[in-house]
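Atoms within a ligand are numbered from 1 in the order they appear, just like the ligands themselves. All values below were derived from every heavy atom in this structure, side-chain atoms included, with hydrogens, water molecules and symmetry-related copies excluded.
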Amino acid sequence: MDEVADVVIEAGRIARIGRDAAAGLSGEKIRVLDVAGRWVVPGFVDLHAHFREPGYEYKEDVASGLRAAAAGGFTGVCVMPNTKPINDTRAITEMMMARGRAAAGPRLYPFAAATVGSAGEQLTEMADLRDAGAIGVSDDGKCLMNAAVMRAALEYARTFDMLFSQHCEDHDLTAGAQMHEGHVSTRLGLQGWPRAAEDVIVARDLILAELTGARYHVAHVSSLGAVRLLREAKSRGLAVSAEVTPHHLLLTHDALIGFDTACKVNPPLREPEDIAALREALRDGTIDCIATDHAPHSPLEKQCEFAAASPGMIGLEPAVPLLLDLVRDGLLSPMRLVEALSTKPARLGKLEGGTLKAGSVADLAVIDPERRWTISQASLSSRSSNTPFLNKEVRGKAILTMVAGQIVYES
Ligand code: NCD
């Protein structure tokens, strides 16, 4: 829906929604939030973030990650298993869930590893992990390279109704790669990651997804070839899905020219024709949703020579203003933006929220599309500030985030 309306929330759920739905309500127990002129949206749901607990809490822990999520308008966050130890056992999944509950903020949904140690050889105990709270499986950061193991992983994921999210990278084709393979990598003298390394895995996986009928999801699509393959698969009715990050929609490999390690990310920033394909695919639904791939790193991993720097950038708090730039440039409609950040990812993950329908859980955010703020270490709730947009003045901010009717962020 896209209209001027009242939203009435009772006992953690949306009781009524519509023009004048709150008319006549009064009483001491009622709190009125006047957000006229702002956007009330179903809370955003991120299918792809990295909180670093356990193991790398100096970069982010569950509590700081959830604070960053709330400040970004997110009411649900799926966290990847590349912690230390890797989340390949019930104990780690349960620990993450417990930390999430204790934080009393946005909902935390762990992805468990698909293979033990994310080593790509032996499947994890998916039923056990699902019972502990994992909503899907992924070896994110690493691609499941062995096709036979991948087939088995998809069969098991299907049996236990878990989403399989694949980091599509043929590691043999990207050995030593620092950035996208193209004229900029040639000029900088850095080893390149060719698009083909992404495309060959997407092609193989779509064939295996068709074979197994699993809920297969392509993480952080970055290449035009992958988009083409997804479009073909979807045109045949395959129930596969994909996400794109804000940075892949906005930045090209040119951003690496000054060797800025904040722009080092996996998959790498590519070329204008990739961006054009990604934007078109997001508009037409070939790419279902936007995920941040929030990947916090400390100065230890970023203020060093390019080859030694860890890949990744934070994304939860910059997402709204960056994506609103696409809306302001007429490249994305507000409705499609909200669908891609909320409704679609919630459905794909079979998660709470993603709707403002009467009767549904009151997970929502209020966005002020005009609020100006500066992305800075001081303004970020995340423990890390590794983003190429640091110290930039931006426009648009979540000013209130609510989970099950409780305000978890207000500014
Ligand atoms: C991810 C991280 O930091 O965990 N980094 C990234 O650039 N996306 C892992 C990964 O996908 O390499």
Location of contacts on Met313 toward ligand 1, heavy atoms closer than 4.0 Å: neither

Parallel, tilted or perpendicular: rings of His294 and Phe51 (30°, 60°): perpendicular

For Phe164 against Ala114, the heavy-atom pair lying closest together: CE1-CB, 3.7 Å

Ligand 1 atoms in contact with Gly312 (distance to a heavy atom under 4.0 Å): 5 (N), 6 (C), 7 (O)

Shortest protein heavy-atom distance from atom 1 (C) of ligand 1, along with the residue and atom involved: His50 NE2, 3.7 Å

Shortest protein heavy-atom distance from atom 11 (O) of ligand 1, along with the residue and atom involved: His167 CE1, 3.2 Å

Ligand 1 contacted by Lys264 (non-hydrogen, < 4.0 Å): no

Asp161/Arg130 ion pair, N-O < 4.0 Å: no

Exercise: identify the closest heavy-atom pair between Glu198 and Ala226: OE2-CB, 3.8 Å

Mind listing the side-chain donor-acceptor pairs of residues 143-153 below 3.5 Å, one per line with the distance, residues two or more places apart or on another chain?
{"unit_1": "Asn146", "atom_1": "OD1", "unit_2": "Ala148", "atom_2": "N", "d": "2.8"}
{"unit_1": "Asn146", "atom_1": "OD1", "unit_2": "Val149", "atom_2": "N", "d": "3.0"}
{"unit_1": "Arg151", "atom_1": "NE", "unit_2": "Glu155", "atom_2": "OE2", "d": "3.1"}

Test log, rule side chain to side chain donor-acceptor pair (under 3.5 Å), inputs Glu60 and Ser382: CA-CA 7 Å; Glu60 195 83 285; Ser382 174; 2.8 Å; yes

For atom 5 (N) of ligand 1, closest protein heavy-atom neighbour: Pro311 O, 3.1 Å

Check ion pair Glu57-Arg383 (N to O, under 4.0 angstrom): no

Contact check: His220 vs ligand 1, nitrogen or oxygen atoms, below 3.5 angstrom: no

Which of the ligand 1 atoms, numbered from 1, are nearer than 4.0 Å to a heavy atom of Val265: 7 (O)

Atoms of ligand 1 close to His297 [distance to a heavy atom under 4.0 angstrom, numbered from 1]: 3 (O)

Carboxylate-amine/guanidinium proximity below 4.0 Å for Arg236 and Glu210: yes

Residue-ligand contact Arg52/ligand 1, heavy atom below 4.0 Å: yes

Protein contact of atom 7 (O) of ligand 1 - nearest heavy atom, named by residue and atom, plus distance: Asn266 N, 2.9 Å

Close-contact set for ligand 1 against Asp293 heavy atoms, below 4.0 Å: 8 (N)

Partner residues of Pro299 under the side-chain contact (heavy atoms from CB on, under 4.5 Å) criterion, sequence neighbours left out: Gln303

For atom 10 (C) of ligand 1, the protein heavy atom that lies nearest, with its residue and separation: Gly141 CA, 3.6 Å

